[in-house]
K.L.:
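The structure is given below, and queries will be raised subsequently.
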Amino acid sequence: MSQINYNHLYYFWQVCRQGSIVSAAEKLFLTPQTVTGQIKSLEERLQGKLFRRQGRGVVPTELGQLVFRYADRMFTLSQEMMDIVNYRKESNLLFDVGVADALSKRLVSQVLETAVQDEERIHLRCFESTHEMLLEQLSQHKLDMILSDCPVDSTQQEGLFSVKLGECGISFWCTPPLPQQPFPACLQERKLLIPGRRSMLGRQLQRWINAQELQVEILGEFDDAALMKAFGAANNAIFIAPTLYGQDIYNDEAISEVGRLDEVKEEYYVIFAERMIQHPAVQRICNHDFSALFQHGQNSD
């Protein structure tokens, strides 16, 4: 049995992805007639029709769907191989990172510093979105790595791996005057700002509030910590931020810590595809000990 022509298979794969022969031809810089001829040659080789007309486009037949599943795996693997080969040759090592919008950006910045080395020319590009959207982009090879507040389930997301970098305790903050009651009862004295419920931290906080049977009034939910702080200060509300901010960005501001939680923590995970295991920036982040970063300020008065 003669070997299959992989150029024909590639053209077929592109037609499936583009939905029409004309669109595939434009992407391949070929004429539609050339693509049609190559598809016919593949159909003769496989002894069956691969497409049927639907409107102005084409859709794969039952045989075409079977062939596409194998072709998609083959060419996806070839793209992964080229990614690995090319990033070792690039004069500027391109590194696309997705950051979950629920995470504290100051900590994210310090984590990303580990990926950058003076002797290595890395072109870092960061994108912010939800955990779910970032996972989808990672699966589509549009991102090299994700920093998120929850891990990935490798049994559900085949080929994706996650490593926990650390966790950070959280505190409640407000502008003077401070509430009169002790913590956590004082949370009932003012309106409260919390992270969005779609984030892991937001869901944990909701469970903790319910377990404490606190009658709090939630004024708003914010994924961006800086926006939450600004809105909280302007509206005399209590808001959430990592405990270590007390020794950091809040040190010289008119913002005071109301109380802190040991039961609820903001967690940090790095998520990456199998093809990126050997990427030097991914390796540096996964192998780095971040314990000093996440412990900083946790036991401060």
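What you see is a predicted model; the values in this text were computed from it and never measured. Numbers for residues simply follow the sequence, beginning at 1.
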K.L.:
Can you classify the ring geometry of Phe183 versus Trp208 as parallel (below 30°), tilted (30 to 60°) or perpendicular (above 60°)?
P.N.:
parallel

K.L.:
Please check this pair: side chain of Asn235 against backbone of Ala237, looking for a donor-acceptor N/O pair closer than 3.5 Å.
P.N.:
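Not a single qualifying donor-acceptor pair exists.
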
K.L.:
If you count heavy atoms of other groups shown closer than 6.0 angstrom to CD of Gln212, is the number above 12?
P.N.:
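Correct, the count exceeds 12.
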
K.L.:
Whether the side chain of Ser199 engages the backbone of Gly196 through a donor-acceptor N/O pair (distance < 3.5 Å, no angle test) should be reported.
P.N.:
yes

K.L.:
Using atom types as modelled and distance alone, determine if a side-chain donor or acceptor of Glu266 lies under 3.5 Å from a backbone N or O of Pro242.
P.N.:
no

K.L.:
Using the rule that Ile, Leu, Val, Met, Phe, Trp and Tyr join whenever any side-chain heavy atoms are under 4.5 Å apart, tell me whether Val111 and Met276 fall into a single cluster.
P.N.:
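In one cluster with Val111: Met276, yes.
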
K.L.:
Please check if the number of heavy atoms outside Lys191 that lie under 6.0 Å from its NZ is greater than 12.
P.N.:
no

K.L.:
Would you indicate whether the side-chain heavy atoms of Leu9 and Leu42 approach each other to under 4.5 Å?
P.N.:
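They are in side-chain contact.
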
K.L.:
Hey, could you give me the CZ/CG distance between Arg284 and Leu112, rounded to the nearest 0.5 Å?
P.N.:
12.0 Å

K.L.:
What I want to find out is whether Asp101 reaches Arg198 closely enough, with some N-O distance under 4.0 Å, to be called a salt bridge.
P.N.:
yes

K.L.:
Side chains of Ser148 and Leu134: closer than 4.5 Å at any heavy-atom pair?
P.N.:
no

K.L.:
If you round to the nearest 0.5 Å, how far is OG1 of Thr61 from CZ of Arg52?
P.N.:
8.5 Å

K.L.:
Under a 3.5 Å distance rule, please check whether Ser171 uses its side chain to pair with a backbone N or O of Glu257 as donor and acceptor.
P.N.:
no

K.L.:
Would you say the side chain of Ser104 lies within less than 4.5 Å of the side chain of Cys168, judging by non-hydrogen atoms?
P.N.:
no

K.L.:
With a 4.5 Å cut-off on side-chain heavy atoms, are Trp13 and Asp72 touching?
P.N.:
yes

K.L.:
How long is the span from the CZ atom in Phe222 to the CD1 atom in Ile194, to the nearest 0.5 Å?
P.N.:
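So the CZ of Phe222 and the CD1 of Ile194 are separated by 10.5 Å.
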
K.L.:
Determine whether Val97 and Leu124 make a side-chain contact, defined as any pair of heavy atoms from C-beta on separated by less than 4.5 Å.
P.N.:
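Yes, close enough: below the 4.5 Å cut-off.
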
K.L.:
Would you say that Ile170 contacts Leu205 through its side chain, given a criterion of any heavy-atom pair below 4.5 Å between the two side chains?
P.N.:
yes

K.L.:
If only atom types and distance count, is the side chain of Glu189 paired as donor or acceptor with the main-chain N or O of Gln181 below 3.5 Å?
P.N.:
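It does hold such a pair.
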
K.L.:
Above 12 or not: heavy atoms from other molecules or residues under 6.0 Å from NZ of Lys164?
P.N.:
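Yes.
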
K.L.:
How many angstroms lie between atom CG of Asp144 and atom CZ of Arg125, to the nearest 0.5 angstrom?
P.N.:
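Going from the CG atom of Asp144 to the CZ atom of Arg125 covers 8.5 Å.
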
K.L.:
Can a donor-acceptor pair be found, under 3.5 Å and without considering hydrogens, that links the side chain of Lys265 to the backbone of Glu263?
P.N.:
no

K.L.:
Output the distance between atom CD1 (Ile238) and atom CG (Leu187), rounded to the nearest 0.5 Å.
P.N.:
5.0 Å

K.L.:
Is the closest side-chain heavy-atom distance between Arg207 and Val264 below 4.5 Å?
P.N.:
no

K.L.:
Classify the ring geometry of Phe51 against Phe12: parallel below 30°, tilted from 30° to 60°, perpendicular beyond 60°.
P.N.:
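If you compare the ring of Phe51 with that of Phe12, the planes turn out tilted.
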
K.L.:
Quick one: does Leu193's side chain get under 4.5 Å of Ile240's, heavy atoms only?
P.N.:
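Side-chain contact under 4.5 Å: no.
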
